[in-house]
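Okay, so here's the structure we're looking at.
Computed from a prediction, not measured in an experiment: that's the story for all the values here.
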Amino acid sequence: MESDFLIPFLKRIQVLISEQVRLSHLGLENVRTTCGADVAYRGDVGVAVVVCKGDEERVSTVKGKVGFPYIPGYLFMREAPIIMKALEGVRFDLLLVDGHGLAHPRRSGIATVMGVLLKVPTIGIAKSRLAGEVVKEGDREYLLLQGERVGVKVGRYYYSPGNLVDLDDVLELSGKGYPEVLREADRLSKKLAKESDE
DNA sequence: GCGACAG
DNA sequence: ATCTTGTCGC
């Protein structure tokens, strides 16, 4: 499909990024504004939507041709560019991304990549598993990767730290149900993608 | 080689 | 993710 040198190259970028992650405690009580980002498609045209709630409420949208295919493990190459464009000028304390954070083969999911590149707190929330094993511990299910807890599964969703947050922040967020900002970003992006050619 | 595989 | 109607079930 792709060249034989692109994937190895991207792998190195991911390893480098994962080494820059800081798992510090954010404390959701200090979060004034939370944003959720998602992307919907119409062929090769993507529509990125960022929905923010809290002190600063706003919606940002960017539509454009996406020049990279979806390759498991490399989602950031397809969606991070257009999402980051939609984030320009947007202020927030926490960014929620549709996809994984540390729960990735190289601890470098899209939430982690964006968190490190933008130097902002991020948490990844995915609808299915990519890496790690689900292990029950008491009343909850954790995602274990290389013997380390890299996330938690609540209902059909997987939550994992992206950057500048810790597992406690993720556990607290996961206990509040699927984030409204993500639900709205998902709904609006799909709506705009569908209308983009009708 | 075989199975797995975010959106 | 997207292509797609109705239908089974809580």
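On the nucleic acid side, DNA chain C contacts chain A at distances under 4.0 Å to non-hydrogen atoms, with the end points of that region at C:dA1 to C:dC3.
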Subject >> salt bridge (charged side-chain N to carboxylate O under 4.0 Å, His left out) assessment of A:Lys85 paired with A:Glu88 >> reply: CA-CA 5 Å; A:Lys85 178 65 178 178; A:Glu88 287 182 5; 3.4 Å; yes
**OP:** Begin with the C-alpha distance, continue with both residues' side-chain angles, and end with the deciding distance and a verdict on side chain to side chain contact (heavy atoms under 4.5 Å, CB included) for A:Leu118 and A:Met84.
**Re:** CA-CA 9 Å; A:Leu118 298 175; A:Met84 285 171 73; 3.5 Å; yes
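Checking side-chain atoms of A:His104 against main-chain N and O of A:Ile110 turns up no donor-acceptor pair under 3.5 Å.
One finds a salt bridge joining A:Glu180 and A:Arg183 here, because a Lys/Arg side-chain nitrogen approaches an Asp/Glu carboxylate oxygen to under 4.0 Å. Using a cut-off of 4.0 Å between Lys/Arg side-chain N and Asp/Glu carboxylate O, A:Arg32 and A:Glu56 are scored as not salt-bridged.
Counting only residues at least two apart or on different chains, the salt bridge (charged side-chain N to carboxylate O under 4.0 Å, His left out) pairs with a member in residues 118-135 of chain A are A:Asp98-A:Lys127. Sorted by first then second residue, the side chain to side chain donor-acceptor pair (under 3.5 Å) pairs that include residues 155-167 of chain A, not counting sequence neighbours, are A:His25-A:Asp166.
The environment of CZ in A:Arg12 is sparse: at most 12 heavy-atom neighbours from other residues, nucleotides or ligands sit within 6.0 Å. The number of heavy-atom neighbours closer than 6.0 Å to CZ of A:Arg91, taken from other residues, nucleotides and ligands shown, is 12 or below. When the shell of 6.0 Å around NZ of A:Lys63 is examined, it contains 12 or fewer heavy atoms from other residues, nucleotides or ligands.
Every stem involving DNA chain B, taken as at least 3 paired positions in a row under the Watson-Crick or G-U wobble test at 3.5 Å, would be listed here, but there are none.
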Subject >> Dot-bracket notation for DNA chain C, counting Watson-Crick and G-U pairs under 3.5 Å, with | for partners on another strand >> reply: ..........
Subject >> Contact state string [nucleotides 1-7 of chain B, B base, S sugar-phosphate only, - no protein heavy atom under 4.0 Å] >> reply: ---SBBB
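Proximity of A:Thr61 to A:Val47: side-chain heavy atoms (C-beta onward) are separated by under 4.5 Å at one or more points.
Cation-pi geometry between A:Arg78 and A:Phe68 is not met at under 6.0 angstrom from the ring centre and within 45 degrees of the axis.
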